[in-house]
Amino acid sequence: MGTTKGDLFLLDLKTGIKDKVAIKNKRKISALLFLEKEKILLISTEGSVYSYHLNSRKLSSLQGLNNAKDLQQIGNSNTIVYAGFDRATVLNFENNTLHKIKNLNFSRAYRSFSDNENHQIFVSYVDNLVVYDSVFKEKIVQYNNKSITAKDICKTTNDIVWIATFSEGILGYANNKFVKKLILQMV
């Protein structure tokens, strides 16, 4: 758990033990990403980036992911989608270093999602939702010929990617088209 005051706590769900990770930069923790295969937690704050090795309990400084709005892992790899205040970038984490694979776009990015089964990456920018294929070819996704921006993106077991938008409610996307629209009403 990361806080707006720069505190980071790890909670062992099996034992219930809470452990505080000492981070010198007391700025808001903006995003966390756990790389299970490596047993490493990537920590993005306003102004700094760290990796925390769970086995050795060692915190190391990194370059390249500061002030992330979102971090997503592609499959079970060490490839990461960084959604930030000025761009979206695909990076690879290797030997405690981040290596840029590709800059996707230089617009403010809000959210990203990796659809591993269909080899697609969804990135919501300030002005558009874009889907990238396995070679990072982009397709702008519109609903009723209008741009949409996603607040959150997830996928259900029936292969529908659900997109919570700022203006169109919750949209279901499958096979490169919208297939559902959820209308939520207060009762």
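Throughout, numbering of the chain's residues begins at 1 and tracks the sequence.
- In this structure, OG1 on Thr45 lies 10.5 Å from CG on Leu32, to the nearest 0.5 angstrom.
- Legend: residues meeting salt bridge (Lys or Arg N to Asp or Glu O under 4.0 Å) with Asp152, ordered by chain and number and at least two apart, are Arg111.
- The side-chain heavy atoms of Val161 and Gln120, taken from C-beta on, include no pair separated by under 4.5 Å.
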In residues 163-175, what donor-acceptor pairs under 3.5 Å come from side-chain atoms, sequence neighbours left out?
unit_1, atom_1, unit_2, atom_2, d
Thr165, OG1, Glu168, N, 2.7
Thr165, OG1, Gly169, N, 3.0
Thr165, OG1, Gly169, O, 2.8
Glu168, OE1, Lys181, NZ, 3.4
Glu168, OE2, Lys146, NZ, 3.1
Tyr173, OH, Lys139, NZ, 3.4

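- Summarising the geometry, atom CG belonging to Leu62 is positioned 10.0 Å from atom OG belonging to Ser44; distances are rounded to the nearest 0.5 Å.
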*Derivation of the side-chain contact (heavy atoms from CB on, under 4.5 Å) call for Ser51 and Ile40*: CA-CA 6 Å; Ser51 63; Ile40 291 175; 3.9 Å; yes
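- Here the OG1 atom belonging to Thr89 is positioned 4.0 Å from the CG atom belonging to Asn103, to the nearest 0.5 angstrom.
- Counting all heavy atoms, side chain and backbone alike, Asn118 lies closest to Asp115 at ND2-OD2, 2.9 Å.
- Here NZ of Lys100 is found 10.0 Å from NZ of Lys102. Values are rounded to the nearest 0.5 Å.
- Cluster membership for Tyr110 and Phe122, using ILVMFWY side-chain heavy atoms within less than 4.5 angstrom, is not shared.
- Hydrophobic cluster membership differs between Phe113 and Val179, with clusters built from Ile, Leu, Val, Met, Phe, Trp and Tyr side chains linked at under 4.5 angstrom.
- A distance of 9.0 Å separates CG in Asn67 from CG in Asp86, rounded to the nearest 0.5 Å.
- Within a 6.0 Å sphere centred on CZ of Arg87, heavy atoms belonging to other residues, nucleotides or ligands number more than 12.
- If you check the side chains of Asp70 and Ser112, you find a donor sitting under 3.5 Å from an acceptor.
- Within a 6.0 Å radius of NZ in Lys37, more than 12 heavy atoms belonging to other residues, nucleotides or ligands are found.
- Note on Val131: it does not cluster hydrophobically with Val123, by side-chain heavy-atom contacts below 4.5 Å among ILVMFWY residues.
- The side chain to side chain donor-acceptor pair (under 3.5 Å) check on Asn158 picks up Thr156, with sequence neighbours excluded.
- Of all non-hydrogen atoms in Thr149 and Asn128, the two that sit nearest each other are OG1-N, 4.4 Å.
- Of the inter-residue distances, the one linking Leu104 atom CG with Glu138 atom CD reads 8.5 Å to the nearest 0.5 angstrom.
- Gln73 is listed as a side-chain neighbour of Asn76, based on a closest heavy-atom distance under 4.5 Å.
- Under a 3.5 Å cut-off, the side chain of Ser114 and the backbone N or O of Ile74 do not form any donor-acceptor pair.
- Residues in residues 123-144 take part in these ring-ring contact (aromatic ring centres under 6.0 Å, His included) pairs, two or more places apart or across chains: Tyr143-Phe178.
- One N or O on the side chain of Ser30 and one on the backbone of Ala68 form a donor-acceptor pair closer than 3.5 Å.
- Side chains of Leu41 and Leu10 form a contact here, defined as non-hydrogen atoms less than 4.5 Å apart.
- Criterion: ILVMFWY side-chain heavy atoms under 4.5 Å apart, direct or through other members. Under it, Leu98 and Ile101 are not part of a common hydrophobic cluster.
- Thr97 and Asn95 form no side-chain donor-acceptor contact under 3.5 Å, judged by distance and modelled atom types alone.
- Between Ile153 and Leu129 there is a side-chain heavy-atom pair separated by less than 4.5 Å.
- Legend: ring-ring contact (aromatic ring centres under 6.0 Å, His included) pairs involving residues 52-98, not counting sequence neighbours: none detected.
- With a 4.5 Å cut-off on side-chain heavy atoms, Ile23 and Ile43 count as touching.
- In this view, Glu117 and Lys155 satisfy the side chain to side chain donor-acceptor pair (under 3.5 Å) rule, not counting sequence neighbours.
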